Amino acid sequence: MAKYAFRAAESKWQKRWDDEGCFAADQDPSKPKYYVLEMFPYPSGKIHIGHVRNYAMGDVIARFKRAQGFDVLHPMGWDAFGLPAENAARDNGGHPRDWTYGNIEVMRGQLKRMGLAIDWSREFATCDPEYYVHQQRMFLEFWKKGFVERRESLVNWDPVEMTVLANEQVIDGKGWRSGAPVERKSMSTWFFKITERAEDLLAALDDGRLAGWPEHVKEMQRNWIGRSEGLKMAFPLKGDDLPEGIDDLPIYTTRPDTLYGASFLGVAPDHPLAKHFADKDPAVADFVAECQALGTSEADIEKAEKRGIALPVTGRHPFTNEELPVYIANFILMQYGTGAIFACPAHDQRDLDFARKYGLAVKPVIAPREGHETDLKAGDFKSCDTDDGRTVAYTGPGTMVHSGPFDGMPTDEALPAAIAKIEELGQGAGTTNYRLRDWGLTRQRYWGCPVPVVLCEQCGAVPVPEDQLPVQLPDIGPEEFKTPGNPLDRACADEWRNCTCPQCGGPAVRDTDTMDTFVDSSWYFARFASQPDDKPVDTAQADAWLPVQQYIGGIEHAILHLLYARYFMRNMKECGYTDVDEPFTNLFTQGMVTHATFKDAEGNWLFPEQVELKGNTATAIDGNAPVSIGAIEKMSKSKKNVVSPEKIADAYGADAARFFMLSDSPPERDVEWTESGVEGAWRFANRVYEAVAKGEGLLAASAPMPDNLSEDLLALRKATHKTIDGVTGDIENFRFNKAIARLYEFLGALKGVKTEGDAAPVAAEAFRTLTQLTAPFMPHLAEECWELLGGEGLCCNAAWPKADEALLEDDVITMPIQVNGKRRGEIKVAPDLPKDEVEAAALADADVARFLADKTIRKVIVVPGRIVNVVAG
RNA sequence: GCGGAUGUGGCGGAAUUGGUAGACGCGCCAGAUUUAGGUUCUGGUGUCUUACGGCGUGGAGGUUCGAGUCCUCUCAUCCGCACCA
């Protein structure tokens with residue numbers, strides 16, 4: 001029997017699809033449109049197996065929707081700007097542009113080998129000037145409309161490399177290459193005022209606009225935006241050495257109810273007050289410098305031990321007139337609220353840690369439990385005792401104590417009362433605050449979209465005129481990438497940088513910042529839908545496709561990318577480019593691909609292909625040296641636990657690789673790549689091919705379905721239609737692993753099927769179904785089978801099968817019978833048998849009767865079509 | 001530190017959403033076919049027990065006729081934390 005020759009088949013069908021333009025979008029205006037998109041790849045060098053998983057998922061949806069009669073848009077492009085290209089140029093020479101486009105060339109070829117149903121005519125890279133010219137245009141438009149603003153922000157500064165560092169380049173407070181302690185430095189950059197849209201970005205999470213998003217992603221975004229109702233108020237300051245014009249300290253708090261428990265005030269190390277005293281006192285300056293060496297990463301700042309230093313100033317409590325000490329504290333974030341707080345150690349854990357360390361007062365003002373009030377004296381800490389004897393800050397609700405007029409109030413009443421009192425005193429007001437910060441959109445790097453702005457000493461920041469766009473990156477020599485700092489900001493780029501001011505005609509320089517790559521990825525999906533030369537999108541064309549109906553990508557993008565894209569769409573809408581505000585109707589976040597790690601006796605990492613696996617033991621492929629098997633981890637080049645999709649495609653075929661990536665785990669979860677797993681997929685392909693080969697030409701013969709089928713043939717028809725029903729539902733719900741399990745089961749049911757006489761049309765239906773249901777997962781195999789069966793045209797163009805409802809019903813079902821919750825027997829009954837008859841049948845069952853012999857029946861619970869439980873004692 | 005998720009046989013997972021725990025695949029065991037096989041096919045495979053049966057969904061409690069599923073506490077792992085993409 002002929003084996004499935006996947007190598008020949010894959011190139012043959014890819015060519016056919018290509019020649020016939022099968023996957024071009026906008027083919028038939030009469031069809032409903034469906035836009036499916038996977039997050040576009042960064043061209044890092046080669047496709048890895050995680051890409052295969054991501055794009056295989058999108059491809060299943062694209063092919064499935066196409067078969068269901070949709071006009072499908074399924075495009076591909078490249079998120080091509082970014083830091084790795086500059087690092088590669090630095091380490092290996094060359095130019096970031098050449099490295100990037102070279103990688104794209106390679107990766108495009110690798111993706112095409114996977115046989116994806118992609119409309120390649122729409123491909124672009126974000127580093128194409130034809131793309132980023134529109135981004136520059138929109139930037140200027142947003143600026144004009146006030147969505148963008150230039151202001152100061154803090155960055156990680158490497159004093160040796162003279163460069164801004166990304167958080168990931170800061171290791172233990174030191175630059176990753178220089179090893180020099182990092183400083184926090186303030187510089188002037190551009191911001192998108194995303195906080196102005198915080199309210200709507202938040203509202204859309206709950207008003208049904210994002211009904212097709214996973215709840216946990218929405219929850220993450222809600223928490224990220226972090227809307228809080230609180231109080232902004234000022235503590236009058238007292239001290240000999242106050243900065244000029246500063247006589248109070250504005251703070252923000254979400255717990256005004258605990259104001260009577262205030263024991264000190266705190267400011268961030270970057271706070272103006274901290275800066276003021278650092279200039280006067282070297283000890284303060286040292287402390288501030290130490291805090292700043294932590295870098296800008298929020299995680300690092302909040303994980304650090306709580307530390308601080310007192311300032312020679314006090315703040316007066318508005319209620320008690322007590323003078324509270326003021327500290328610089330390393331856990332206070334300048335970006336949140338006003339960068340200053342009042343601390344109530346009894347009811348905030350961080351404040352408590354700090355107060356303990358510096359011997360500050362702890363004043364409980366909330367009694368957690370009823371009757372507990374009398375235990376509490378001011379200064380006592382009993383309110384916070386835990387069962388195991390530790391004392392922790394009590395952050396829950398309770399009754400106010402030691403709080404003047406608020407005594408006896410529940411906390412939720414004391415909170416507005418405290419705000420009202422502060423407002424009455426004219427020392428502050430209730431406000432809404434967001435954790436979300438404005439989006440600093442520029443980077444001090446070469447390989448990004450230039451900011452189309454000229455900086456003139458006379459006129460300030462001036463937009464580059466429309467007819468001079470795009471501002472393209474200057475061509476500079478490869479040696480420039482080996483020099484520390486931003487090449488755009490150096491003499492090598494002078495010819496580009498020096499220019500005349502478009503406004504006054506005087507000498508000026510270009511802004512040397514480039515845009516964050518998140519800007520590039522915030523609207524690429526719109527450009528896929530419509531690509532006019534003279535504007536970002538044609539509104540009618542773009543809105544015909546948008547929003548993306550199914551977006552697929554990694555959970556690591558749950559917040560930033562997805563929030564930025566939502567924000568950017570709103571800006572585009574206000575500029576009239578689209579009527580859409582939410583870019584992604586349905587979102588699916590897929591898991592990562594993991595792989596076991598291997599090390600030789602010397603502790604060197606080994607690639608999987610250097611290792612021979614036999615059961616649970618591993619040896620080196622060259623010479624039988626023992627190999628230790630390590631943890632199963634996310635694939636990474638450094639640990640060498642990577643597999644090459646190309647080698648997999650060579651050995652087992654693209655279909656097997658795609659199929660295995662979807663078969664083993666639910667798609668939102670991580671999946672472990674195993675050689676045996678892909679072998680199983682390959683075996684399945686061969687078994688399908690061999691099964692279908694028995695039905696050669698059956699579709700072309702097209703005998704009519706007889707009316708009265710034998711029991712066996714009817715059972716096969718039922719299996720066929722149940723499989724159609726199940727697989728269709730599974731694909732719609734992203735349960736690819738279950739769809740594939742059903743295909744395995746169905747293949748098992750086809751064993752020994754006859755193809756003559758009455759059986760011919762039944763077998764034809766079964767084989768046709770198997771082929772079509774397999775097609776989204778193994779499209780090349782499906783075409784090969786389709787041809788073998790004599791199907792009309794291409795399998796990918798055939799309409800998706802429909803299940804016949806009448807064939808989904810069972811005449812007899814098996815019901816388990818429990819006695820006291822334990823399964824003791826089963827009965828076979830008609831699904832619609834009345835309850836009392838089911839009960840009678842259950843009690844009559846011999847196995848059940850045995851367990852009831854010495855018991856009295858108390859109750860019988862019959863769940864129709866499900867189960868019977870007899871309660872007896 | 002904060003926020004989000006995950007945890008079921010030797011392994012990946014399934015369980016109609018409170019109703020037979022372990023579908024399907026991998027691995028393993030046995031048998032058959034083959035000149036040979038790390039091929040293909042057939043059967044078996046949670047665990048303890050000779051059996052009757054007991055026990056089993058990270059751990060500890062709880063609700064219920066019935067819990068992998070709901071509630072409380074807890075442990076472990078993973079993702080994000082704003083200049084990596």
Side-chain angles (χ1 to χ4, degrees), chain A residues 39 41-42 44 79 81-84 87 153 155-156 164-170 189 214-217 219-224 226 296-304 306 331 335 349-350 353 435-445 516-518 521 554-561 563-564 589 591-592 594 614-616 631-634 660 663-666 668-672 674-677 679-681 683-684 686-687 690 735 737-738 740-745 748 751 814-818 820-823 825-826 858-861 863 865-872:
Chain A
M39 290 178 186
Y42 178 77
S44 56
D79 189 13
F81 275 132
L83 193 51
N87 291 338
S153 78
V155 294
N156 299 307
V164 177
L165 296 178
N167 280 334
E168 70 157 18
Q169 297 172 320
V170 180
T189 58
E215 193 46 52
H216 68 269
V217 173
E219 185 63 15
M220 281 192 256
Q221 293 216 346
R222 254 176 235 126
N223 290 330
W224 185 260
T296 59
S297 155
E298 200 167 298
D300 288 342
I301 292 170
E302 297 209 353
K303 261 189 286 192
K306 307 286 167 284
F331 62 91
Q335 304 96 329
Q349 191 59 44
R350 289 175 302 182
D353 293 344
R435 211 188 70 93
L436 180 69
R437 309 201 292 254
D438 279 336
W439 170 15
L441 78 105
T442 61
R443 305 288 179 260
Q444 295 67 44
R445 306 202 197 292
D516 179 6
T517 57
F518 274 126
S521 57
I555 185 68
E556 66 273 19
H557 294 294
I559 295 173
L560 293 179
H561 162 60
L563 191 63
Y564 290 155
T589 57
M592 292 177 309
T594 62
K614 188 87 178 168
N616 286 331
I632 295 157
E633 292 184 56
K634 175 180 180 172
F660 171 57
S663 69
D664 239 28
S665 286
E668 68 278 12
R669 216 162 319 157
D670 288 356
V671 64
E672 186 195 349
T674 59
E675 199 75 7
S676 52
E679 273 173 27
R683 249 193 317 265
F684 175 80
N686 282 304
R687 284 173 61 201
E690 280 162 24
R735 293 185 299 224
N737 54 326
K738 283 179 69 185
I740 285 172
R742 281 184 216 275
L743 292 175
Y744 271 105
E745 257 177 305
K751 212 170 283 173
T814 305
M815 280 180 85
I817 316 299
Q818 295 181 330
N820 293 331
K822 289 202 161 56
R823 185 182 185 278
E826 62 180 42
R858 298 230 173 88
K859 198 155 118 189
V860 179
I861 293 151
V863 184
R866 275 290 135 73
I867 201 166
V868 180
N869 190 14
V870 184
V871 186

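Since we're looking at a predicted model, the values are computed, not measured. In what follows, every chain begins at residue 1, and chains take the letters A, B, ... in the order their sequences are listed.
- Atom-to-atom, CD of A/E690 to P of B/U39 comes out at 14 Å; the value is rounded to the nearest Å.
- Pair check for B/A32 finds B/U40; Watson-Crick or G-U wobble, both atom distances under 3.5 Å.
- Base orientation of B/G43: anti, since the glycosidic angle falls outside 90° of 0.
- The shortest distance between the side-chain N/O atoms of A/N737 and the OP1/OP2 oxygens of B/G12 is not below 4.0 Å.
- Atom NZ of A/K738 is separated from atom P of B/G22 by 15 Å (rounded to the nearest Å).
- Taking atom P in both B/G12 and B/G27, the straight-line distance is 15 Å, to the nearest Å.
- A side-chain donor from one of A/T296 and A/N167 sits under 3.5 Å from a side-chain acceptor of the other.
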Output one letter per nucleotide in nucleotides 73-83 of chain B: B when a protein non-hydrogen atom lies under 4.0 Å from the base, S when only the sugar-phosphate is that close, - when neither is.
------SSBBB
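- The base of B/U16 is paired with the side chain of A/R866 by a donor and an acceptor separated by under 3.5 Å.
- Judged as a ring-ring contact (aromatic ring centres under 6.0 Å, His included), and not counting sequence neighbours, the contacts of A/H561 are A/Y551, A/H557.
- Residues satisfying the side-chain hydrogen bond (donor to acceptor under 3.5 Å, both in side chains) criterion with A/S153, sequence neighbours excluded, are A/T189.
- B/U17: glycosidic angle within 90° of 0, hence syn.
- With P as the reference atom, B/A30 and B/G37 are 15 Å apart, rounded to whole Å.
- Pairing partner, B/G46: B/C55, with both Watson-Crick or wobble hydrogen-bond distances short of 3.5 Å.
- We find the OG1-CZ distance between A/T674 and A/F660 to be 4.0 Å, quoted to the nearest 0.5 Å.
- With both ends at atom P, the span from B/A82 to B/U64 equals 47 Å, rounded to whole Å.
- Between A/N820 and B/G66, a side-chain N or O to OP1/OP2 separation shorter than 4.0 Å is absent.
- Taken from CD in A/E298 to CZ in A/R435, the straight-line distance is 5.0 Å, to the nearest 0.5 Å.
- In summary, A/R222 and A/E215 engage in a salt bridge, as defined by a charged side-chain N under 4.0 Å from a carboxylate O.
- Summarising the geometry, the separation between CZ on A/R683 and C1' on B/U40 is reported as 10 Å, rounded to the nearest angstrom.
- Comparing the P positions of B/C28 and B/G19 gives an interatomic distance of 36 Å, to the nearest angstrom.
- Taking atom CD on A/Q818 and atom P on B/G19, their separation rounds to 11 Å, with Å as the unit.
- Whole-Å rounding puts the A/N869 CG to B/G19 P distance at 13 Å.
- In this structure B/U69 sits in no base pair that meets the Watson-Crick or G-U test at under 3.5 Å.
- B/G58 and B/G43 have their P atoms separated by 32 Å, given to the nearest Å.
- The residue A/G82 sits close only to the backbone: its heavy atoms come under 4.0 Å of sugar-phosphate atoms, none of a base.
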